[in-house]
S.K.: 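I'd like to ask some things about the structure below.
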Amino acid sequence: MSDLLAPEPAPGGALVGYARVSTREQKLDRQLRALEEAGCAKVFADKQSGKDAQRPELKACMAYLRPGDTLVVPALDRLARSLHDLITLVGDLRRAGVGFRSLHEALDTTPGGRLVFHVFAALA
């Protein structure tokens, strides 16, 4: 949990988006539009259930991110399968010097956003 208290990544990195729908029949349009409007320079998207931990585009996204970048998601449930997974992923990002932002929940890894993540972690 101490990783969530790490300093915020240095500004100037890229905004990188990640979107996901659960089935091939669902459309990514709304999520992709939101990420584009948020200023994401690159977007990765999976059409796969969140229950599947082996999401190829999420893996590619995590490999693409560099220190100073910020991962942007339309909503928390598009990234993580559970609260525990969310906390783990955000901790991994912090260790890598990557910021995090969720558009729907207006959450990020600024000091106030990290406080919310600590509340989440305590509840988990």
S.K.: I need the Leu93 CG to Thr88 OG1 distance, nearest 0.5 Å.
M.R.: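 With rounding to 0.5 Å, CG (Leu93) is 11.0 Å from OG1 (Thr88).
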
S.K.: Restricting to non-hydrogen atoms, name the atom on Thr70 and the atom on Phe100 that form the minimum distance, rounded to 0.1 Å.
M.R.: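 Thr70 and Phe100 have their closest heavy atoms at CG2-N, 3.8 Å.
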
S.K.: Could you measure the distance from the CG atom of Asp92 to the CG atom of Asp85? Nearest 0.5 Å is fine.
M.R.: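 The CG atom of Asp85 is 10.5 Å from CG of Asp92, to the nearest 0.5 Å.
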
S.K.: Do Cys61 and Arg55 make a side-chain contact, defined as non-hydrogen atoms from C-beta onward lying under 4.5 Å apart?
M.R.: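 Result no, sub-4.5 Å side-chain heavy-atom pair not found.
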
S.K.: State, to 0.1 Å, how close Ala75 and Glu105 come at their nearest heavy-atom pair, and which atoms those are.
M.R.: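 Shortest heavy-atom contact: CA-OE1, 3.5 Å.
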
S.K.: Quick check for you: to the nearest 0.5 Å, what is the distance between Arg20 atom CZ and Gln26 atom CD?
M.R.: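 Reported to 0.5 Å precision, the distance equals 8.5 Å.
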
S.K.: Please report the closest heavy-atom contact between Ser102 and Pro74, naming both atoms and the distance.
M.R.: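 The pair with the smallest heavy-atom distance is OG-O, 4.2 Å.
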
S.K.: Rounded to the nearest 0.5 Å, what's the gap from CG on Leu58 to CD on Gln48? Could you check?
M.R.: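 It comes to 10.0 Å.
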
S.K.: For Phe44, which residues count as a ring-ring contact (aromatic ring centres under 6.0 Å, His included) partner, sequence neighbours excluded?
M.R.: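 ring-ring contact (aromatic ring centres under 6.0 Å, His included) list for Phe44, sorted by chain: Tyr64.
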
S.K.: Looking only at non-hydrogen atoms, find the nearest pair between Asp69 and Ala14 and report the distance.
M.R.: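 For Asp69 and Ala14, the tightest heavy-atom pair comes out as OD1-N, 2.8 Å.
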
S.K.: Using side chain to side chain contact (heavy atoms under 4.5 Å, CB included), reason through Val16 and Arg66 one step at a time and then give a plain yes or no.
M.R.: CA-CA 10 Å; Val16 179; Arg66 298 293 176 253; over 6 Å; no

S.K.: Show the atom names and distances, to 0.1 Å, of all donor-acceptor pairs under 3.5 Å that link a side chain in residues 33-42 to residues at least two apart or in another chain.
M.R.:
none

S.K.: Under 4.5 Å between any side-chain heavy atoms of Leu89 and Met62, yes or no?
M.R.: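 In short, these two side chains touch, coming nearer than 4.5 Å.
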
S.K.: What I'd like to find out is whether the side chain of Leu71 reaches to under 4.5 Å of the side chain of Leu79, using heavy atoms alone.
M.R.: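 Yes, close enough: below the 4.5 Å cut-off.
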
S.K.: Mind checking the OH-CZ spacing from Tyr18 to Arg78? Nearest 0.5 Å is all I need.
M.R.: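 Here the interatomic distance stands at 8.5 Å.
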
S.K.: Any idea which heavy atoms bring Ala45 and Leu28 closest together, and the distance?
M.R.: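 Looks like CB-CD1, 3.6 Å.
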
